[in-house]
Amino acid sequence: MNDKRYDDMNLLYRYEPESEQDLCRLLAMNLRKRRLERGLSREALSMMSGVPTPTIAKFETKYTISLQSFVAIALALGYDDQIKALLSKPIYNTMEELVIINNNKNRKRGRNEFK
């Protein structure tokens, strides 16, 4: 018996990670939205953040920027807490992963293991 309802349910459980380019594009679009919501030109944001105007323009159009410049812009727009929270908590999908995370909390060095 081939029930279409069950075929459609598989779509709910498929996870396709977004590409790096997709995430960079999303960050650039969000930054542009936040800038425009405040009525700021690229030049004004440049003066506030210390990031050159062409760098801001390049990020908004080609989605490339250094981490330091991105953080400077985010701070200038008031996103200190969100930047601090990024990667601040471990993520896990299974209890086994959580156990591994807890066992490795105080590690100073990694191992050459890839699972």
Side-chain angles (χ1 to χ4, degrees):
M1 174 169 96
N2 189 3
D3 193 338
K4 177 144 175 50
R5 289 178 298 166
Y6 295 110
D7 291 337
D8 291 340
M9 287 194 64
N10 284 334
L11 293 175
L12 296 175
Y13 297 104
R14 269 191 221 143
Y15 172 71
E16 296 178 23
E18 297 181 64
S19 71
E20 293 167 16
Q21 184 72 8
D22 291 339
L23 292 173
C24 289
R25 182 182 303 114
L26 179 64
L27 287 172
M29 288 178 358
N30 288 344
L31 178 130
R32 184 174 187 272
K33 281 182 199 175
R34 301 298 82 86
R35 176 178 65 78
L36 294 174
E37 286 169 354
R38 292 174 183 235
L40 296 172
S41 66
R42 289 175 178 159
E43 292 78 17
L45 184 55
S46 174
M47 288 189 294
M48 292 170 62
S49 65
V51 176
T53 303
T55 302
I56 294 170
K58 184 178 178 185
F59 182 52
E60 290 183 357
T61 57
K62 300 198 188 285
Y63 323 121
T64 59
I65 196 168
S66 73
L67 178 59
Q68 187 171 358
S69 293
F70 181 79
V71 169
I73 292 168
L75 294 176
L77 291 172
Y79 286 88
D80 327 38
D81 292 338
Q82 289 80 356
I83 292 293
K84 290 177 198 171
L86 188 62
L87 300 175
S88 65
K89 297 179 183 173
I91 57 170
Y92 54 90
N93 295 313
T94 66
M95 288 305 293
E96 180 182 331
E97 288 176 349
L98 179 59
V99 169
I100 291 169
I101 288 168
N102 284 329
N103 288 340
N104 290 329
K105 276 193 177 201
N106 296 318
R107 288 190 62 87
K108 303 290 184 230
R109 301 182 73 198
R111 290 180 278 233
N112 290 331
E113 295 177 9
F114 183 74
K115 294 182 181 185

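Quick caveat, the model's predicted, so the values are computed rather than measured. Residues: numbered from 1 along the sequence shown. Computation of the quantities below employed the complete heavy-atom set of this structure, encompassing side-chain atoms and omitting hydrogens, waters and symmetry-equivalent molecules.
Put simply, NZ on K58 and CD1 on I56 are 13.5 Å apart, with the number rounded to the nearest 0.5 Å. Taking CZ from R25 and CZ from F59, the interatomic distance works out to 11.5 Å, rounded to the nearest 0.5 Å. Between the CG atom of L45 and the CZ atom of R32 there is a distance of 12.5 Å, given to the nearest 0.5 Å.
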For residues 65-83, run the donor-acceptor check on the side chains, cut-off 3.5 Å, and write out each pair with its distance to 0.1 Å, sequence neighbours left out.
| unit_1 | atom_1 | unit_2 | atom_2 | d |
| --- | --- | --- | --- | --- |
| S66 | OG | S69 | N | 3.0 |
| S66 | OG | S69 | OG | 3.1 |

Using a 3.5 Å cut-off and no angle test, enumerate the donor-acceptor pairs between side-chain atoms of residues 86-93 and protein atoms at least two apart in sequence or in another chain.
| unit_1 | atom_1 | unit_2 | atom_2 | d |
| --- | --- | --- | --- | --- |
| S88 | OG | A85 | O | 2.7 |

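Across V99, I100, L98, a single residue satisfies side chain to side chain contact (heavy atoms under 4.5 Å, CB included) together with E96, and that is I100.
Of all the heavy atoms in A28 and Y63, the pair that sits closest is CB-CD2, 3.6 Å.
When atom types are taken as modelled, the side chain of D22 and the backbone of E18 share no donor-acceptor pair closer than 3.5 angstrom.
For CD of Q21, the number of neighbouring non-hydrogen atoms (other residues, nucleotides, ligands) closer than 6.0 Å is greater than 12.
Contact annotation: the side chain of L40 never approaches that of L36 to less than 4.5 Å [non-hydrogen atoms, C-beta and beyond].
For residues 35-45, the set of pairs meeting the side chain to side chain donor-acceptor pair (under 3.5 Å) definition, not counting sequence neighbours, comprises R34-E37, R35-E60, S41-E43, R42-E60.
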